[in-house]
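Whatever order the structure lists them in is the order used to number ligands and atoms, beginning at 1.
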Amino acid sequence: MLNLVLFGPPGAGKGTQSQKLIDKYNLVHLSTGDILRAEISQGTQLGTEAKQLMDQGILVPDEVVIGMISNKLDSNKDAAGFIFDGFPRTVAQAEALDGLLKSKNSEISCMIALEVSNSELLNRLLLRGKDSGRPDDANAEIIARRIEEYNNKTAPVANYYKAQDKFCSINGIGSIDDIFTSISTVINDL
Ligand code: AMP
């Protein structure tokens, strides 16, 4: 099984690259942000509670996203592999993911990190906010909070995979196709 964690700060291009990777490698795309936004648009209680945090740029509780991922793994038993996008975002989530995959006799193949400077991220997110309709893309203060959450809680997740010798970093600035080629080279060398 090919199980990839696509890693990087908000606006690094994880969603864009995921779309290309699922086609090429026949993977199931699990984006916790997308799953949460679906809960919001369906008006579920989980969605209503998560929205209050998401709109402020704050992470939702670990147990909420771990439960969502666990359900998705169970409902995609025949998948050739998964691409985890926006998850794990804390070390506790990474530990839980290892446990969930182990119980299915599987494991993470590699974390691929997209490296993008803070100024480029801010520009990309403000641009995306013009037509994404996402409240958390709409103003610079909330974007700054999301980047702060990333630096405090999510960046340490890279060390978790480095310690397992499963970390690879890619330059996330350039054309979409060039970045995709770099990611594909990493995957083909696994
Ligand atoms: P994203 O679409 O990945 O940028 O996520 C949007 C928002 O959803 C984040 O700012 C968080 O509030 C929430 N979220 C998404 N994934 C996670 C996660 N793995 N852990 C905690 N919160 C998350």
Check: Which of these, L97, L4, L73, sits in a side chain to side chain contact (heavy atoms under 4.5 Å, CB included) with F82?
Finding: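 Among L97, L4, L73, the one meeting side chain to side chain contact (heavy atoms under 4.5 Å, CB included) with F82 is L73.
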With heavy-atom distances below 4.0 Å as the criterion, list the atoms of ligand 1 near [X].
| X | result |
| --- | --- |
| V65 | 17 (C), 18 (C), 20 (N) |
| R146 | 4 (O) |
| M54 | 7 (C), 8 (O), 12 (O), 13 (C) |
| G33 | 2 (O), 5 (O), 15 (C), 16 (N) |
| R37 | 2 (O), 6 (C) |
| I58 | 11 (C), 12 (O) |
| T32 | 15 (C), 16 (N), 17 (C), 18 (C), 19 (N) |

Is ligand 1 under 4.0 Å from a heavy atom in the side chain of [X], in the backbone, in both, or in neither?
| X | answer |
| --- | --- |
| V60 | both |
| R134 | side chain |
| Q93 | side chain |

Note to self: Quick check for you: to the nearest 0.5 Å, what is the distance between D85 atom CG and Q19 atom CD?
What the structure shows: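 One gets 8.5 Å once the value is rounded to the nearest 0.5 Å.
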Next item on the list: Please confirm whether G57 comes within less than 3.5 Å of ligand 1 when only nitrogen or oxygen atoms on both sides are compared.
Entry: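 Between G57 and ligand 1, no N or O pair is found under 3.5 Å apart.
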[X] side-chain N/O to [Y] backbone N/O, donor-acceptor pair under 3.5 Å:
| X | Y | value |
| --- | --- | --- |
| N139 | I142 | yes |
| E149 | A144 | no |
| S184 | F180 | yes |

Check: Below 4.0 Å from any atom of ligand 1, is there a heavy atom belonging to L36?
Finding: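 L36: in contact with ligand 1 (<4.0 Å).
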Notebook entry, point to check: Hey, is E149 one of the residues with a heavy atom under 4.0 angstrom from ligand 1?
Noted result: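 Judged by the 4.0 Å heavy-atom criterion, E149 does not count as contacting ligand 1.
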Item checked: Ionic contact status for R124 with E120, cut-off 4.0 Å ->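 Here E120 pairs with R124 in a salt bridge, since their nearest N and O are under 4.0 Å apart.
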Item checked: R89/D62 salt bridge by N-O under 4.0 Å criterion ->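 No, this pair does not count.
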Next item on the list: Note the single closest protein heavy atom to atom 5 (O) of ligand 1, along with its residue, its atom name and the distance in Å.
Entry: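 It is R89 NH2, 3.4 Å.
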Margin query: Does N171 form a side-chain hydrogen bond (donor to acceptor under 3.5 Å, both in side chains) with S182? I'd like the steps, not just the answer.
Written below: CA-CA 8 Å; N171 177 6; S182 306; over 6 Å; no
Note to self: Around atom NZ of K20, are there more than 12 heavy atoms from other residues, nucleotides or ligands closer than 6.0 Å?
What the structure shows: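 Buried by this count: over 12 neighbours within 6.0 Å.
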